[in-house]
Amino acid sequence: MFALIDGNNFYCSCERVYRPELKQQPIIVLSNNDGCVISRSSEAKDIGIKMGVPYFQIQHLIQQRKLTVFSSNYELYADLSRRMMNTIASLVPAIEIYSIDECFADLHNLNNLHQLGHNIRNRIQQWVGIPTCVGIAPTRTLAKFCNHLAKRHRHHFNGVIVWTDWNSNIQQRALASTPVNEIWGIGHRIGQKLAAQGIHTALDFINAHTPTLRKQFGVVLERTQREMQGLPCSELIINEASRQHIVRSRSFGNIITSLDGLQAAISHHISAGAAKLRQQNSHAHIISVFIYTNRFRHDQSQYNGYQSIKLPQPSADTLTLNHIAQNLLRNIYRPGYEYKKCGIELSGIEPAQTFQQQDLLYPNQHNHRTKLMSAWDNITSRYGRNSIQLGSELQSNHWHMTRAQLSPCYTTQFLEILTI
DNA sequence: TCTGGGGTCCTAGGACCC
DNA sequence: TCTGGGGTCCTAGGACCC
């Protein structure tokens with residue numbers, strides 16, 4: 001058996017932990033640059049605020065309704081997430097952290113799952129202050145499904161649903177009342193294609209002809225169907241896998257036209273990406289750089305620049321990677337455009353300790369840099385991410401994000417600790 | 001005026017090998 | 001007229017997730 005535990009409206013709930021007066025109030029959290037809505041309290045949903053709408057389109061609601069708005073504070077959310085996961089881990093044999101706000105738990109050979117579900121919920125509420133819902137079922141997809149139902153009917157089920165506690169009659173009713181595109185793994189596109197064939201509900205889906213599904217949509221959807229039927233096709237992934245792609249990108253707070261501004265941003269992203277590579281003890285073979293103009297401005301000419309290069313030797317060295325990235329940037333930069341976003345991608349990632357083919361013409365010149373990079377990592381882990389920066393990062397701060405409604409980092413910054 | 005960021009997996013097809 | 005069989009690796013693109 002598996003459980004799926006997930007924080008309700010997670011970012012909003014995090015903001016409320018240290019602002020208890022906002023319970024029962026409509027609140028929202030915005031994406032980077034205060035762009036659009038990415039988390040809503042249930043009261044905010046009730047007044048009609050949709051997921052993903054641009055902030056500027058709902059500013060009238062804010063004046064009318066006393067809506068409270070937050071810029072996203074990932075430092076706070078990541079710390080509360082860590083506490084939530086540790087709390088869950090203290091109650092079950094193993095967990096798989098699936099995203100910042102949810103995890104799967106292994107419940108094999110445990111009894112009284114309903115009570116366990118409530119214990120998990122209550123302990124997270126008490127220790128961390130985040131409300132959650134719990135779905136428990138024989139497969140991960142069904143656990144997601146139960147969690148979904150527990151959220152939808154939170155007051156009826158008190159946040160916990162155990163699939164196997166239901167008789168088949170109730171199970172069928174639950175399946176029949178859920179649109180097929182609310183199943184985990186069925187998105188917009190496949191949902192539409194299924195609907196065109198008369199498969200509208202989760203019940204239709206589990207009764208659909210399996211070989212036909214397989215032929216049309218492939219093995220992924222077949223597995224989803226099997227899991228919905230109660231046949232496990234996936235297990236918990238306990239060890240955090242290393243990333244195979246690392247992307248760092250940002251929209252700018254302001255428009256950037258100059259190469260300088262882009263160079264500063266690219267240096268910053270490279271520095272973050274390279275640190276991530278080293279953190280997972282890996283090297284990248286391929287480095288890409290991209291720059292975009294604002295795709296929403298139909299009145300302006302658009303330009304998307306992208307260039308990628310394969311390195312002779314894989315690297316996790318900030319200086320080497322930045323040097324190459326800056327060359328790529330110079331290649332794709334075109335003056336005269338208003339740039340809105342840029343970023344980097346590191347791919348072709350492999351573990352650092354594997355044998356590396358040496359370059360015949362340029363024998364390994366990076367060894368002496370390894371010590372420099374580990375000193376770098378030690379300093380930043382002790383004094384903070386920005387305690388060391390590349391000089392080129394400091395050429396311009398024009399690209400930094402807008403975060404006008406940022407809450408304090410209550411749990412991670414001494415100067416911002418809550419005082420009464 | 002103002003519209004986020006970061007991932008995964010699978011498949012099909014081409015180039016190439018013996 | 002008739003043109004093998006079995007494989008690997010890589011890439012691009014599509015679908016999905018939070």
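- In this structure, F290(A) and Y306(A) have parallel ring planes: the angle between them is below the 30° cut-off, well short of the 60° mark.
- Between the side chains of T257(A) and E338(A), no donor-acceptor pair of N or O atoms lies under 3.5 Å.
- Under 3.5 Å, the side chains of S407(A) and R19(A) contain no donor-acceptor pair of N or O atoms.
- In this entry the distance linking CZ of R243(A) with P of dC17(C) reads 17 Å, nearest Å.
- In this structure, a donor-acceptor pair under 3.5 Å is absent between the side chains of S234(A) and R223(A).
- Between dC17(C) and K144(A), no contact under 4.0 Å exists linking OP1 or OP2 to a side-chain N or O.
- Each of R214(A) and S249(A) lies near DNA chain B, and the nucleotide nearest S249(A) is the one positioned closer to the 5' end.
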Q: Kindly express the pairing pattern of DNA chain B in dot-bracket notation, using | wherever a base pairs with another strand and counting only Watson-Crick or G-U pairs under 3.5 Å.
A: ....||||||||||||||

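- In this structure, N294(A) atom CG and dG4(B) atom P are separated by 9 Å, rounded to whole Å.
- In terms of position on DNA chain B, the residue among V220(A) and Q57(A) whose nearest nucleotide sits closer to the 5' end is Q57(A).
- Between F252(A) and W399(A), the two ring planes are perpendicular [angle over 60°; tilted spans 30° to 60°].
- Under the 4.0 Å criterion applied to side-chain N and carboxylate O atoms, E102(A) and K144(A) are assigned as salt-bridge partners.
- In this structure, the CD1 atom of I286(A) is 9 Å from the P atom of dA12(C), given to the nearest Å.
- In this structure, R250(A) reaches the dG6(B) phosphate: one of its side-chain N or O atoms is under 4.0 Å from OP1 or OP2.
- Residues Q125(A) and T132(A) bring no donor and acceptor atom of their side chains to less than 3.5 Å of each other.
- Counting only N and O atoms by type, the side chains of K341(A) and N294(A) include no donor and acceptor under 3.5 Å apart.
- The stretch residues 257-267 of chain A has no heavy atom under 4.0 Å from DNA chain B, so no residue of it qualifies as close.
- Residue Q192(A) contributes atom CD, which lies 15 Å from atom C1' of dG14(C) at whole-angstrom precision.
- Between the CG atom of N32(A) and the C1' atom of dG6(B) there is a distance of 11 Å, given to the nearest Å.
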